[in-house]
Engineer: 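Handing you a structure now.
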Amino acid sequence: MINNQTAHEYWMRQALTLAEEAARNGEVPVGAVVVCDDVIIGAGFNRPIGAHDPTAHAEIKALRQAAKKLQNYRIPGCTLYVTLEPCTMCVGAIIHARIAKLVFGAREPRFGAVASTKQLLDEPGAFNHQVNWQEGVLAAQCGEIMQQFFRRRRQPSEMSE
C-alpha cells in the first residue's frame with residue numbers, strides 16, 4: 001500500500017463488494033471488514049431480514065467473525081471499514097470490541113451515530129475506550145449503492161402492471 005488513503009480505499013472496496021452481496025440478497029447494502037496487520041480477519045454484510053435477526057448488521061457480523069478468529073471478544077489494534085456510518089447499536093459494539101479505528105464511507109442521515117444524528121465516539125469521557133474515526137472514504141460509491149438499492153425498491157413491480 002502506498003499511503004493510508006490508498007489503503008483505506010482498497011479496504012473500502014472490499015466492504016463495497018460485500019454491500020453488493022447484501023443488495024443481491026434483498027438486504028440494505030452495507031458491507032464491513034475488520035483489518036489487522038493488512039489482513040481481513042472479519043467480514044460481513046447486512047442480513048437482518050434473511051437471518052431474522054435485528055442485530056445482523058454488517059458491522060456486527062464482521063466483529064463477530066474477527067473475534068472468533070482471534071479467540072477473543074476484544075479486537076485491539078484493528079480497523080473496521082464499513083460502507084455506511086454505523087448506528088447506535090454498532091457504535092456500542094465497536095467500543096466494546098476495542099476497535100482502534102473506524103473508517104466509513106457514506107453518512108447515514110437518519111440513524112448514523114458517529115457524525116450525523118449523534119456523535120457518540122466524540123463524547124468526552126463517556127466511554128472507557130476511544131475509537132479514532134474517519135469518514136468519507138469512497139463516499140460517492142458507498143452512497144450510490146444505497147441510492148440505487150432504494151430507487152429499485154421504490155419502482156413499481158412488473159407484476160402490478
Engineer: Provide the closest heavy-atom pair for W133 versus D122 in the form atom of the first, atom of the second, distance.
Structural biologist: NE1-OD1, 3.0 Å
Engineer: Mind checking the CG-CD1 spacing from L63 to I99? Nearest 0.5 Å is all I need.
Structural biologist: 5.0 Å
Engineer: Take I40 and W11, measure what side chain to side chain contact (heavy atoms under 4.5 Å, CB included) needs, and give me the verdict at the end.
Structural biologist: CA-CA 9 Å; I40 293 175; W11 297 119; 3.4 Å; yes
Engineer: Nearest 0.5 Å please: distance from the CD atom of Q130 over to the CG atom of N132.
Structural biologist: 6.5 Å
Engineer: Quick one: does any side-chain atom of N46 pair with a main-chain N or O of V28 as donor and acceptor, under 3.5 Å?
Structural biologist: yes
Engineer: Are the side chains of I41 and Q65 in contact, using a 4.5 Å heavy-atom criterion?
Structural biologist: no
Engineer: Evaluate the side-chain proximity of I60 to D53: yes if any heavy-atom separation is below 4.5 Å, no if none is.
Structural biologist: no
Engineer: For the atom pair CE (M89) and CZ (F111), what is the distance rounded to the nearest 0.5 Å?
Structural biologist: 12.0 Å
Engineer: If you look at every heavy atom in V137 and C142, which pair is closest and at what distance?
Structural biologist: O-SG, 4.0 Å
Engineer: Within a strict 4.5 Å, meaning less than it, do heavy atoms of the V114 and P86 side chains meet?
Structural biologist: yes
Engineer: Evaluate the ring planes of H8 and Y81, with Trp represented by its six-membered ring, and classify them as parallel (under 30°), tilted (30 to 60°) or perpendicular (over 60°).
Structural biologist: tilted
Engineer: For the side chain of Q71 and the backbone of K68, is there at least one donor-acceptor N/O pair under 3.5 Å apart?
Structural biologist: yes
Engineer: Run the salt bridge (Lys or Arg N to Asp or Glu O under 4.0 Å) test against R107 and tell me which residues pass, sequence neighbours left out.
Structural biologist: E135
Engineer: Write down the atom of G105, the atom of A139, and the distance for their closest heavy-atom approach.
Structural biologist: O-CB, 3.5 Å
Engineer: Does the side chain of Q148 pick up a donor-acceptor pair with the side chain of E144 at under 3.5 Å?
Structural biologist: yes
Engineer: Does L102 reach the side chain of Q134, with side-chain heavy atoms less than 4.5 Å apart?
Structural biologist: no
Engineer: Quick one: does N25's side chain get under 4.5 Å of F45's, heavy atoms only?
Structural biologist: yes
Engineer: Working to the nearest 0.5 angstrom, can you tell me the gap between R152 CZ and Q147 CD?
Structural biologist: 12.0 Å
Engineer: Determine whether E85 and S116 satisfy the following criterion, side chain to side chain donor-acceptor pair (under 3.5 Å), listing intermediate values before the conclusion.
Structural biologist: CA-CA 8 Å; E85 178 183 2; S116 296; 2.5 Å; yes
Engineer: For E108 and T117, indicate whether the former's side chain and the latter's backbone hold a donor-acceptor pair under 3.5 Å.
Structural biologist: no
Engineer: Got a sec: does the OH of Y73 have more than 12 other heavy atoms crowding it under 6.0 Å?
Structural biologist: no
Engineer: Is there a side-chain contact between V30 and H57 in this structure, where contact means two heavy atoms from C-beta onward sitting under 4.5 Å apart?
Structural biologist: no
Engineer: Are N128 and R98 packed together at the side-chain level, in the sense that at least one heavy-atom pair is separated by less than 4.5 angstrom?
Structural biologist: yes
Engineer: With a cut-off of 6.0 Å (strictly less than), are more than 12 heavy atoms of other residues, nucleotides or ligands near CZ of R151?
Structural biologist: yes
Engineer: Looking at CD of E9 and CG of L138, how far apart are the two atoms once the value is rounded to the nearest 0.5 Å?
Structural biologist: 5.0 Å
Engineer: Taking all atoms of both residues into account, what is the closest heavy-atom pair of C87 and A113, and its distance?
Structural biologist: C-CB, 3.7 Å
Engineer: How about K101 and L80: do any of their side-chain heavy atoms sit closer than 4.5 Å?
Structural biologist: no
Engineer: When rounded to the nearest 0.5 angstrom, what distance separates CZ in R47 from NE2 in H52?
Structural biologist: 8.5 Å
Engineer: Mind checking what makes salt bridge (Lys or Arg N to Asp or Glu O under 4.0 Å) contact with R24, not counting sequence neighbours?
Structural biologist: E21
Engineer: Please report the shortest heavy-atom distance between I95 and H129, naming the atom on each side.
Structural biologist: O-CD2, 3.8 Å
Engineer: I need the minimum non-hydrogen distance between P29 and A19, along with the two atoms involved.
Structural biologist: CB-O, 3.3 Å
Engineer: Around atom NZ of K69, are there more than 12 heavy atoms from other residues, nucleotides or ligands closer than 6.0 Å?
Structural biologist: no
